[in-house]
Amino acid sequence: MDSPDIQQLVDGLSVPERSHSCYEELKAAGSCAVPFLAAAAKECRAPGNNLDSSATRELPDLAWPLFRIAELLAISGSQAAIVHFADCLIERDQSLREYGAWGLGSIALEGCLKPVKEILASDNRRMKTLVVGGIGRALAAGRGDSDFLAGISGSLNEFLYFEIGDTYQALIEVENRRGIAALSPHERNYWAASIYYFEIMNGGLWQYFGNSTADYHSTILSGLIAIGAPGTAQILEEAGRAFGSGEPPEDREARNSEIDRFSGEQVMRIENLNQGPIRENIELLLFLYGLSHKSEFPNYQST
């Protein structure tokens, strides 16, 4: 593709009726579009409310041209794109530093490791939120290499643990006092996925089925799918099929009574699934789901 053609496509990102088609063509153009995209990003400024920490949406709006450019740069995975985003981290304009953080997270390659770890180790929650949002975007698109993910795992897990903890505890308290019906649909998805996750992390599938958590088995399956964890939901659904009716009884006592009568084949079915890998990063998905639906968490907002 010739340079004038690429420049026209980049210019078209700011034209609503052309934005989508130009985006798709630039995505196909690959790394040859990177210099043009980087130059356009330097001239582009996100509106002040796009990254306003007081806004209900804490992740960037990808409809804005600046972040459409960032997505194309991230997809390229090029060294030039990494340098571009890293350079933004030292800009005086806070919105550009945040743009740089989101971009580096969205690339999620080893070359991004050092600045991303520095952001995660900082006290700036806004920057950490954006870099983690970018990482989530990369993983959802199948980007990111093993060295990068291994390198950030400790810092990322620490951030996520504290971030989801407040929401989790608030929703647990609401459910304990007023029941599951008091939760909004999005709160219910978050609550269901999180109680499953922490149960599994503490004691695996046997603890899950043995405790009262599995009373909400169908709600948990829906919650896992809603937050973007269909692989985890599939494992749990397959484990539930070990029961005679094809799913665990909703009553804890009846469920444990049936487990006591499991055959060796039923036990092995649970064991095999119990030892399998966790398919998705549930903590990351919970965090991103909470951000995306922040305004629809009335019980958390009022706590």
Side-chain angles (χ1 to χ4, degrees), residues 136 139-140 142 157 160-161 163-165 167-290 292-293 296-297 299-300:
L139 294 179
N157 291 341
L160 293 173
Y161 177 82
E163 284 294 315
I164 70 173
T167 309
Y168 171 73
Q169 288 299 329
L171 298 183
I172 286 291
E173 289 175 12
V174 171
E175 191 276 330
N176 285 339
R177 293 196 315 267
R178 296 156 52 199
I180 190 173
L183 301 174
S184 72
H186 289 94
E187 288 176 329
R188 192 175 303 130
N189 288 332
Y190 190 106
W191 169 84
S194 60
I195 62 170
Y196 161 78
Y197 176 68
F198 289 118
E199 191 80 89
I200 289 294
M201 292 302 292
N202 284 331
L205 287 168
W206 291 117
Q207 179 171 307
Y208 167 77
F209 286 125
N211 286 346
S212 59
T213 307
D215 293 354
Y216 302 98
H217 185 71
S218 61
T219 302
I220 288 169
L221 290 174
S222 297
L224 288 169
I225 292 170
I227 70 165
T232 302
Q234 182 181 6
I235 290 175
L236 183 58
E237 188 171 22
E238 289 176 6
R241 292 195 186 112
F243 290 83
S245 64
E247 59 183 7
E250 293 183 2
D251 179 75
R252 180 183 183 184
E253 185 175 340
R255 193 167 53 249
N256 278 296
S257 178
E258 184 172 347
I259 289 173
D260 289 340
R261 299 190 304 272
F262 267 8
S263 67
E265 182 180 348
Q266 288 172 299
V267 170
M268 285 307 300
R269 183 170 188 169
I270 299 290
E271 282 296 326
N272 289 337
L273 292 168
N274 207 28
Q275 295 170 13
I278 296 175
R279 295 191 183 181
E280 292 105 350
N281 186 327
I282 304 298
E283 288 186 332
L284 176 58
L285 292 171
L286 283 167
F287 174 67
L288 297 175
Y289 186 82
S292 299
H293 301 284
E296 298 158 281
F297 276 55
N299 288 293
Y300 174 60

How far does [atom1] of [X] sit from [atom2] of [Y], to the nearest 0.5 angstrom?
{"X": "Ile235", "Y": "Ile200", "atom1": "CD1", "atom2": "CD1", "result": "9.5 Å"}
{"X": "Ile195", "Y": "Ser212", "atom1": "CD1", "atom2": "OG", "result": "7.5 Å"}
{"X": "Leu183", "Y": "Ile172", "atom1": "CG", "atom2": "CD1", "result": "9.0 Å"}
{"X": "Glu163", "Y": "Glu283", "atom1": "CD", "atom2": "CD", "result": "11.5 Å"}

For the pair [X] (side chain) and [Y] (backbone), establish whether a donor and an acceptor sit closer than 3.5 Å, ignoring hydrogens and angles.
{"X": "Glu238", "Y": "Leu273", "answer": "no"}
{"X": "Gln207", "Y": "Gly204", "answer": "no"}
{"X": "Asn274", "Y": "Leu205", "answer": "yes"}
{"X": "Asn211", "Y": "Thr213", "answer": "no"}
{"X": "Glu199", "Y": "Tyr208", "answer": "no"}
{"X": "Glu187", "Y": "Leu171", "answer": "no"}

Distance-minimising heavy-atom pair for [X] and [Y]:
{"X": "Tyr168", "Y": "Ser194", "answer": "CD1-OG, 3.2 Å"}
{"X": "Leu224", "Y": "Ala193", "answer": "CD2-CB, 4.0 Å"}
{"X": "Phe209", "Y": "Pro248", "answer": "CE2-CG, 3.8 Å"}
{"X": "Gly210", "Y": "Asn256", "answer": "O-ND2, 3.0 Å"}
{"X": "Ser184", "Y": "Asn299", "answer": "N-ND2, 4.3 Å"}
{"X": "Arg255", "Y": "Phe243", "answer": "CG-CE2, 3.7 Å"}

Under a 4.0 Å N-O cut-off, is there an ion pair linking Arg241 with Glu237? yes
For the pair Tyr289 and His293, evaluate ring-ring contact (aromatic ring centres under 6.0 Å, His included) and give the outcome as yes or no after the intermediate values. CA-CA 6 Å; Tyr289 186 82; His293 301 284; 4.4 Å; yes
Answer yes or no: is there a side-chain heavy-atom contact under 4.5 Å between Glu258 and Pro249? yes
So Leu285 and Tyr197, do their side chains get closer than 4.5 Å, heavy atoms only? no
For Glu250, is the CD atom crowded, meaning more than 12 foreign heavy atoms sit under 6.0 Å from it? no
Between Ile227, Asn281, Asn189, Leu160, which is the residue that forms a side chain to side chain contact (heavy atoms under 4.5 Å, CB included) with Leu286? Ile227
Per the side chain to side chain contact (heavy atoms under 4.5 Å, CB included) rule, which among Leu221, Thr219, Asp215 passes with His217? Leu221
For Trp191 and Val174: C-alpha separation, side-chain torsions, deciding distance, then whether side-chain contact (heavy atoms from CB on, under 4.5 Å) applies. CA-CA 10 Å; Trp191 169 84; Val174 171; over 6 Å; no
Could you tell me whether the side chains of Glu280 and Thr232 share a donor-acceptor contact shorter than 3.5 Å? yes
Using side-chain contact (heavy atoms from CB on, under 4.5 Å), reason through Ile270 and Phe262 one step at a time and then give a plain yes or no. CA-CA 10 Å; Ile270 299 290; Phe262 267 8; 4.2 Å; yes
Stepwise side-chain contact (heavy atoms from CB on, under 4.5 Å) test for Val267 and Trp206: CA-CA 10 Å; Val267 170; Trp206 291 117; 4.0 Å; yes
